[in-house]
Amino acid sequence: MKNILKLAFGTALFFSAWASAHADLTSSSPKDGATLSQPPTEITMSFSGDVRLAKVMLHSDDGKMHPLDFSMNMTPKVAYEIAVKNKLAPRGYTVYWTAMGGDSHKISGDFSFEVK
């Protein structure tokens with residue numbers, strides 16, 4: 001019984017350390033679901049650990065892609081600031097992103113906002 005408890009405890013420690021190694025998006029600006037009175041000139045993204053942000057795309061709800069001033073940086077960072085190249089018109093937008101975490105796992109996600 002004692003060995004089973006040791007094994008269970010060791011397994012729990014291993015998986016909790018493994019799970020915490022994954023970086024996640026912790027905040028963004030604009031925030032997911034935000035309604036803005038002025039279009040953003042920059043998109044910021046913060047992560048729970050260092051990541052290499054590989055791809056960031058901005059799409060409007062009318063299906064158009066909007067240019068961002070983003071080029072992949074091989075140096076992992078916790079936060080990224082990405083300039084929006086053109087003024088955004090009033091409508092909904094979604095930011096799609098892909099990154100490589102410090103543990104070499106690919107992570108991705110999206111967040112949306114609206115410009116009124």
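In what follows, every heavy atom counts, from backbone to side chain, and hydrogens, waters and symmetry copies are set aside.
- Put simply, OG1 on T75 and CG on L53 are 13.0 Å apart, with the number rounded to the nearest 0.5 Å.
- Shortest non-hydrogen contact noted between V115 and P40 is CG2-CD, 4.1 Å.
- Minimum heavy-atom separation, A23 to V51: CB-CG1, 3.5 Å.
- Looking only at side-chain heavy atoms (C-beta outward), M74 and R52 come within less than 4.5 Å of each other.
- Closest of all the heavy-atom pairs between T44 and E42 is CG2-OE1, 3.4 Å.
- For S28 (side chain) and P30 (main-chain N/O), a donor-acceptor pair under 3.5 Å exists by modelled atom type.
- The heavy-atom pair separating K116 from P90 by the smallest distance is C-CB, 3.8 Å.
- None of Y96, F70, W97 except one satisfies the side chain to side chain contact (heavy atoms under 4.5 Å, CB included) rule with M57; the exception is Y96.
- Atom-to-atom distance recorded for D69:CG and K85:NZ is 5.5 Å, nearest 0.5 angstrom.
- The two residues S48 and H22 have their closest heavy-atom pair at OG-O, 3.9 Å.
- At least one side-chain heavy atom of D50 sits under 4.5 Å from a side-chain heavy atom of V78.
- Between M100 and S104, the shortest heavy-atom contact is SD-O, 3.0 Å.
- You'll find the side chain of V95 reaches within 4.5 Å of the side chain of V56, heavy atoms only.
- Side-chain N or O atoms of D61 include one that pairs as donor or acceptor with a backbone N or O of G92 at under 3.5 Å.
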### Task
List the steps, then state whether side chain to side chain contact (heavy atoms under 4.5 Å, CB included) holds for I107 with T98.
CA-CA 6 Å; I107 56 174; T98 303; over 6 Å; no
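- Interatomic distance, L36 CG to K31 NZ, rounded to the nearest 0.5 Å: 11.5 Å.
- Between M45 and I82 there is a side-chain heavy-atom pair separated by less than 4.5 Å.
- In this structure, the side chains of Y93 and I43 stay at 4.5 Å or more apart for every pair of heavy atoms.
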#### Entry: Check against side chain to side chain contact (heavy atoms under 4.5 Å, CB included), L58 and L88
CA-CA 10 Å; L58 177 62; L88 301 177; 3.9 Å; yes
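- Side chains of L25 and S46 form no contact here, defined as non-hydrogen atoms less than 4.5 Å apart.
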